Amino acid sequence: MNCRNKFCNTEYTGEMGVGDQVAVRREGSIAIIEIDNPPVNALSNAARAGLLRAVQAAAGDASIAAVVIAGAGRTFCAGAEIREFGTPPLEPLLPDLIDAIEAVEKPVVAAIRGVAFGGGFEIALGAHARVAAPDARFALPEVKLGLIPGAGGTQRLPRLIGLAKSARLILSGDPVDAVEAKALGIVDTIVDGDLLAGAVAHAIAMAATKQPLRRLSCSDGMLSVDKADPTAFEAEAAAQLKRSRGLDAPAGCIEALRNALTLPFADGLKREREIFVRLRDGEQSKAQRHLFFAERAALKVRGVSKEVKPRTVRRVAVLGAGTMGGGIAMCFASAGIPVTIVDPNPEALQRGLGVVEGNYRASAKRGSMTTEAVEAALALIGDSSDFASVSEADLVIEAVFEDMALKKRIFADLDRLTKPGTVLATNTSSLDINEIATATSRPGDVLGMHFFSPANVMKLLEVVRAEKTAPDALLTAIDLGTKIGKVPVTVGVCYGFVGNRMLHARGRQVEALLVEGAAPADIDGAATAFGYAMGPCAVGDLAGLDVGWRIRKESGAKAPVADAICELGRFGQKTGAGYYRYEPGNRTPIPDPEIDALIGRIAAEKGITRRAISREEIQERLAYSMVNEAARILDEGIAERSSDIDVIWINGYGYPVAKGGPMFHADRIGLAKVAERLAHYAAITGDERLKPAPLLAKLAAEGGSFAAFGRNAGG
Ligand code: 3HC
Ligand code: NAI
C-alpha cells in the first residue's frame, strides 16, 4: 500500500486486503488508519469491515502504542453510505464498529480535515480525542435525510457538549467549522500545519501520560448539567420542532436526545437504533434520500462531457431594476460577485436600488446577515443607466419587461456591446428563447436563467437550454447558480418551461373544482392536508391575483373564477380580499359568502350542477394533473429526468418534502393507479387534458415507473 505521509517509516498492513477501502500504515509506534473510499469516504460495508479489522489489529499489536483514524484525500468522512440504506444491512453495523473503536485500550485520536458528517462525526465521537485542521466541518445532517443519527450521535454528543447544543446541531443538521467546534468542546486541538503529524504527536503525548482514556459512553460529562435542569434543552427542542414541517425525523431526534436524560447509555443507544431503523424504512426518509441524489443528478447534463469547463465569470450585469432584477443582483452580491444593475429609467433604477438596500437592512435587523456582510454586499453592487456598461460583464442577465420585441432589441445590442464569450441570459418566464437568440450573431452564448420571485430568497433556478446553447455556456450558468446558493435544474424551451407549465395544469383544476362544487377553503384544506404549507387559493391571494389576470387578458386565456374575482377589484391580501376576505392587519384567510355566490353564478351560467367534492378527489386532481403534464414534458425531452422535476417542485413551489416531489410520489402510488384515476376524472369532467398522457399510459401499462424512464437519479 502506498504511503501518503512523509513521516511514515514502516509499512503496517494489519490484516488489510484488497477492496477494504481502508489504508493502514504506521509511524513509529502509532498506527495510522485511513478511510479510503473516494470521493467522500462514505462508510460502505467494505469501509466499515476494513476499519474494524484495522482497529482490532492495532489494538492487538503490542508494538502499537496509539491509533490515529483519518480520511484519505481531502476529507475525513461524509457518514454512512446512503445508497446502502435501501439494501439489507450487513455487519459490522456502524454502532458496533464505533463501540469497538471506543473500547480500544490505547489512545485513539480522530484526525479530521474536510467534513466529519453523520456517521463520520459519530466515529470521531467514538475516538478518545479529536484533532482538526482549520478546514474541518462537523455536522449530524441525518435529519435532512429523514433520519436521526443512528450510531451513537444522540447519546455521545450530549455527554460531550450538553443536550441543548446537541439539539441545535442535530435538529438543524447544519455544520459547524473547526473554530466553533473547538469552542463547543467537540475538538481538542486545531492543527494549523500538517494534520497527521499533529494527530500523531497528540496520540504520542496521550500514550505517554497514561491518563485514563475519555470514553464518552462511560460518564455523563456535560449531560449532568442537563439532568439537573433540562429547561434549556426543552426550550431548544420546542423551538426546533416548530420548524418540522410535517416531517417525522425531528420528533425522532428529540425523543432520542431525551432518552439520554433518562436512560443509561446502552439503553439510549438501543432506542436510538430502533428509531433510526423505523425512520430509515419509512416513506419520508426514502423521499428525502431520493431528493439528496436528485439534486446532485440535476447538475449532470446530457451532452455536456466532463472535459467541458465553465467560463470564468468575474463580473455580472443585470438589465432591469424591477422586481426580479434587484433580487437577482442581490444573489450575486451576497455571494461576493460584483454586479451592475442597468436600467435606462433613472427613477426605476433608484427605486430598485432602494428596494435592494431595504432588503439588506431588513436582513441585518433580523440577524440573518451581519452588518459587515450587508456593507460588503452593497459595496459590490454598481448601477448604471448607460447600456454600454454591459461591456465589462462576463455574464448578463436580462430582466426587463416581458415583451419579445424589446428583448430582441436588447439582445441585438448585447451582441454588439459585450465581449466575445459573454454569456447572455434572459430571465423571461414565458417567451421563446430560441427566438430571442436569433437577435444575436452568437446563439451559442444565449440561454435562460429563470429565477423565481423573490429571487434573492427562492432556491430554484431553471437553466433554460435553447436549441443552440453551447455546452460551456450552459455549464457556466449551472456553475454560477450553485455558487450563488441556488439549486439549478436544466430544462428545455417551451411555454412556462417545467415548473410553471405544471402549475398551469394544476391551476386549471383549481378553476374546475371551484365551479364543480368545491369552495376555496376545501381546495386549500386538501392541499395543506397533503403537506403544502398553503393551498393554491391562499397562495394566489398572497402573491396577488392581478398579475395572472393581466397576462391572461393579453394572451386571451380565461380563468372564469379568478377573472371574475379580479373584476371585483379583489386582488388578494393587498386589497383586503381575493378568494377570501381579510381583516385589516391580519393575514388569516376568512371564507367569504360573496365568493361562494359568485362561483355559484358562474356554475349556473355554464349549466353545471355543483356537487360535494371529496378531499381525496381534490388531492388526486391537483396532484395527478401536474404529473400528467410532467409526463408530456418528459416525453418531449423538456426535462431530462423525472427526478429533475421533483427538484423543481420541491425548491420552487413548496411541494411537501415528505413526499419527495410529484414524480417520486406518483411512482410510489403506482403509475397504473395514477393513470386509472386520471382516466376516471377525464370521463366525469369531460376534460381532455386529464386523459393519461401517452408516456404515462405506456409506463402504466408496462408496470414501469418514471424513475426507470431515461436516466434518473441514482439513489
Ligand atoms: N453516501 C453516499 N454518497 C455520498 C455521500 C454519502 N454519505 N455523501 C456524498 N455522496 C456522493 C454524492 O452523491 C456525490 O456523488 P456523485 O458524484 O455521484 O453525484 C459525491 O459523493 C460528491 O458529493 P457532492 O456532490 O455533494 O460533493 P460536495 O463536495 O458538494 O459535498 C458533502 C460533499 C458535504 C459530503 C455532501 O455530499 C454531503 O453533505 N453529503 C451527505 C452527508 C450526510 O448526509 N451524511 C449522513 C449520512 S447518514 C448517516 O451517516 C447515518 C448514521 O448516523 C448512522
Ligand atoms: P418589472 O416590471 O418589475 O421590471 C422591469 C424593469 O425593466 C423596469 O425597471 C424597467 O425600467 C426595466 N427596463 C425596461 N426596459 C429596459 C431596458 N431597455 N434596459 C434595462 N432595463 C429596462 O418586471 P419584473 O417582474 O422584474 O420581470 C422582469 C422579467 O422577469 C420579465 O421577463 C418577467 O417575465 C420575468 N420574471 C418575472 C417574475 C416575477 O414574479 N415578477 C418571475 C420570473 C421571471
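Each ligand, and each atom within it, is numbered from 1 in the order the structure gives. As the structure is a computational prediction, the values presented were derived from the model and not from experiment. Note: hydrogens, waters and symmetry copies are ignored here, and every other heavy atom, side chains too, is used.
Ring pair Tyr655/Trp649 is perpendicular by interplanar angle, where above 60° counts as perpendicular and below 30° as parallel.
Which of Val400, Asn500, Thr323 comes nearest to atom 16 (C) of ligand 2 through a heavy atom is settled by distance: it is Val400. Between the choices Val355, Leu406, Asp413, Ile551, the shortest heavy-atom distance to atom 15 (N) of ligand 2 belongs to Leu406.
Not a single heavy atom of Arg351 sits under 4.0 Å from any atom of ligand 2. In this structure, Glu398 has no heavy atom closer than 4.0 Å to ligand 2. For the ligand labelled ligand 1, residue Lys144 lies outside the 4.0 Å heavy-atom shell. At least one heavy atom of Pro149 sits less than 4.0 Å from an atom of ligand 1.
The part of Phe451 lying near ligand 2 is the backbone, judged by heavy-atom distances below 4.0 Å. The part of Ile410 lying near ligand 2 is the side chain, judged by heavy-atom distances below 4.0 Å. At a heavy-atom cutoff of 4.0 Å, ligand 2 is contacted by the side chain of Ala348 but not by its backbone. With a 4.0 Å cut-off on non-hydrogen atoms, His450 touches ligand 2 through its side chain and not its backbone.
Counting the atoms of ligand 2 from 1 in the order shown, those under 4.0 Å from a heavy atom of Lys407 are 31 (C), 32 (O). Heavy-atom proximity to Ala321, at under 4.0 Å, picks out these atoms of ligand 2: 9 (O). Atoms of ligand 1 lying under 4.0 Å from at least one heavy atom of Phe293, given by number and element, are 13 (O). Taking every non-hydrogen atom of Thr428 and a distance limit under 4.0 Å, the qualifying atoms of ligand 2 come out as 32 (O). If you number the atoms of ligand 1 from 1 as listed, the ones under 4.0 Å from a heavy atom of Glu81 come out as 1 (N), 2 (C). In summary, the atoms of ligand 1 found under 4.0 Å from a heavy atom of Gly118, numbered by their order in the structure, are 46 (C), 50 (O). With ligand atoms numbered from 1 in the order given, ligand 2 contributes 40 (O) to contacts under 4.0 Å with heavy atoms of Ser453. Heavy-atom proximity to Val342, at under 4.0 Å, picks out these atoms of ligand 2: 20 (C), 21 (N). If you number the atoms of ligand 2 from 1 as listed, the ones under 4.0 Å from a heavy atom of Pro344 come out as 16 (C), 17 (C), 19 (N), 20 (C), 21 (N), 22 (C). Under a 4.0 Å criterion applied to the non-hydrogen atoms of Pro39, ligand 1 contributes the atoms 20 (C), 21 (O).
Taking the ring centroids of Phe138 and Phe76, they lie at or beyond the 6.0 Å cut-off.
Protein heavy atoms are found less than 4.0 angstrom from atom 44 (O) of ligand 1. For atom 7 (N) of ligand 1, the nearest protein heavy atom lies under 4.0 Å away. For atom 23 (O) of ligand 2, the nearest protein heavy atom is 4.0 Å or more away. Under the 4.0 angstrom criterion, atom 27 (O) of ligand 1 counts as lacking any protein heavy-atom contact.
With hydrogens left out, the protein atom closest to atom 37 (C) of ligand 2 is Met324 CG, 3.3 Å, a heavy atom.
Any N or O atom pair closer than 3.5 Å counts here, and Phe387 shares no such pair with ligand 2.
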